[in-house]
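First, the structure itself, so that you have it in front of you.
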Amino acid sequence: MIEFENVSKIYQQRNTSLRNINLSIDNGEFISLIGPSGAGKTTLLKILLTEESPSEGSVHFDGINIHNLRQADIPKYRQRIGVVFQDFKLLEDKTVYENVSFAMEMIGKRDAEIRADVPHALNLVGLDDKMFYFPSELSGGEQQRLAIARAIINQPDLLIADEPTGSLDPSSVHLIINILKKINELGTTVILSTHNSSVVDELKKRVIHIDNGKIIRDDKEGKYHHNSINKK
Amino acid sequence: MSLGLDLKRIFREGLITFWRNKVVSFSSVLVMTLSLLVLSSLLFINGVVNFSLNQLQDRVDINIYFFPDTPVSEIKDLEEKILLIPEVRDVSYISKEKAFIDFQSRHSDDDLIKRSLEELGDNPLGASLNIRAKESTQYEAIITAIETEPVVSNSEFVERTNYHDNKKIIDRLNQFSSVVRGIAYAVILFLSIVSVLVVLSTMRIAIYSAKDDIVVKRLVGAEHRYIRGPFTVIGVLYGIIATIITLIILFPITSWLSGITMTFFGGMSIKNYFINNIIQFSIIIGGAGILLGFFSSILAIRKYLRV
């Protein structure tokens with residue numbers, strides 16, 4: 001489904017964020033992307049979202065080189081991906097309902113479909129009783145659940161979650177990870193970038209460890225700390 | 001997606017954003033209203049300058065004075081020919097009788113002239129043609145055309161023309177008019193550019209305040225028309241509301257200023273000027289407001305569409 005081939009990202013000829021990344025992700029996988037801050041995780045996700053272009057190498061999504069897409073085709077590509085950001089990136093002037101319905105309007109869904117699906121998605125993330133609230137009236141955990149509802153409403157092929165639990169309390173973390181697992185079980189490929197070791201350990205899914213712009217570990221059913229690295 | 005559904009969503013999005021961002025909308029409409037008021041004042045300046053210059057130009061004319069015994073038919077023939085000259089606005093025939101009456105009434109207080117006329121016992125004055133051009137710059141062309149007419153070149157009929165006497169005044173008036181118009185147009189152009197730049201900056205600020213939302217929309221796959229569309233709706237809405245407010249405000253302002261302009265500009269009431277030209281004012285101000293809102297929003301949003 002996704003192929004990174006010799007991808008490097010160099011900023012201002014000195015700062016190398018990614019070095020020669022080769023990575024293959026299949027349909028339906030759940031991947032935990034781990035590594036210290038500044039390791040290159042976010043750059044890798046930005047490249048996948050075409051927010052950034054690689055300095056070298058290429059990224060293919062279902063066989064298409066995504067950085068060769070025309071500007072006009074990028075929205076169509078992004079519509080196949082759901083994204084959950086650490087800082088939520090919600091539309092502050094829109095209600096909970098509108099934040100989700102907006103994503104459906106983007107892909108041309110009919111009003112009747114929107115009216116049927118949005119409450120269902122909000123119910124899935126436990127926000128059906130706050131449909132007409134604005135994001136500023138929600139807690140951090142609720143805002144992140146709203147971001148997830150928006151990300152999954154169009155049943156994307158891929159869900160990218162960049163540090164979605166970074167600023168949340170443990171109960172919210174548990175809830176959000178359960179939602180991500182559920183989505184993955186329904187067939188969506190999930191890439192979860194996280195620092196949360198207990199989440200990664202609990203998932204027992206593929207773990208890709210990035211450090212200093214390079215993949216230093218790729219375990220099929222890994223844990224946050226590799227046995228040889230974990231000295232504890 | 002169908003075009004109708006697309007447009008409906010873009011309009012709704014624009015209206016909702018306009019309504020929910022009340023502070024931004026209020027300040028943008030306020031700035032646009034001020035810009036349209038500046039534009040309106042330029043229309044008034046143009047009107048006042050034209051009115052004043054036309055009044056001056058109306059006082060300038062040329063006359064052809066005929067000998068008393070020139071046949072009326074010759075003068076009438078010439079009048080018809082002069083009317084065919086494209087630069088001529090109007091020609092009036094002043095008969096020798098009327099010229100005599102006018103002369104008498106002009107000098108009714110002058111006993112010497114009165115007595116002289118009584119002694120003469122006959123009307124010594126000839127008929128004349130009074131010619132006015134559409135523009136004061138056209139007198140030279142008119143006089144050139146007239147002088148080719150046999151009745152004028154025939155010195156048996158024409159006593160004199162006063163073009164050459166008036167030439168200096170006409171030239172000076174033309175010079176004055178072109179300087180005044182030049183200054184008025186320069187002021188209009190300068191203030192128009194300032195107004196456009198002010199509106200553009202306001203729209204940039206309005207869109208800057210929504211830049212995070214634009215980035216989010218791009219990242220969740222919104223197409224350009226879905227991001228740009230609502231902002232152009234908002235821009236046009238600013239223009240429409242600002243136009244309505246401007247037209248309403250102009251009524252009391254022009255009423256108040258009319259007294260001053262009546263005194264200073266020889267009886268011109270800018271309130272009447274505004275009311276008589278209300279349709280043109282609405283079209284120009286409305287057109288400017290809507291186009292300004294539309295294009296300034298498109299220009300202001302361009303840089304945020306490159307995510």
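Letters A, B, ... mirror the listed sequences (proteins, then strands); counts begin at 1.
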Using only atom types and a distance under 3.5 Å, with no angle test, would you say the side chain of B:N21 pairs donor to acceptor with the backbone of B:T17?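 Checking the backbone N and O of B:T17 against the side chain of B:N21, a donor-acceptor pair under 3.5 Å is found.
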Residue A:F102 versus chain B: region with a heavy atom under 4.5 Å: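 Contact with chain B involves the side chain of A:F102 alone.
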So, are B:E223 and A:R78 salt-bridged, with charged N and O less than 4.0 Å apart?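 Judged by the 4.0 Å cut-off on N to carboxylate O distance, B:E223 and A:R78 do not form a salt bridge.
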Contact class of A:F134 relative to chain B, heavy atoms under 4.5 angstrom: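 Just the side chain, heavy atoms under 4.5 Å.
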Relative to chain B, which of A:R80, A:Q79, A:E52 shows the most heavy atom pairs under 4.5 Å?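 Greatest number of close heavy-atom pairs with chain B: A:Q79.
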salt_bridge(A:D87, A:K89) N-O dist < 4.0 Å: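 Yes, this pair counts.
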Salt-bridge present (B:E13, B:K8; N to O < 4.0 Å):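 No.
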Winner by heavy-atom pair count (cut-off under 4.5 Å) against chain B, out of A:D111, A:N154, A:L49, A:V83: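 Highest number of heavy-atom pairs under 4.5 Å: A:D111.
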Parallel, tilted or perpendicular: rings of B:Y238 and B:F18 (30°, 60°):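 Because their plane-to-plane angle lies in the 30° to 60° range, the rings of B:F18 and B:Y238 count as tilted.
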For A:I81, is it the side chain, the backbone, both, or neither that has a heavy atom closer than 4.5 Å to a heavy atom of chain B?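 Neither part.
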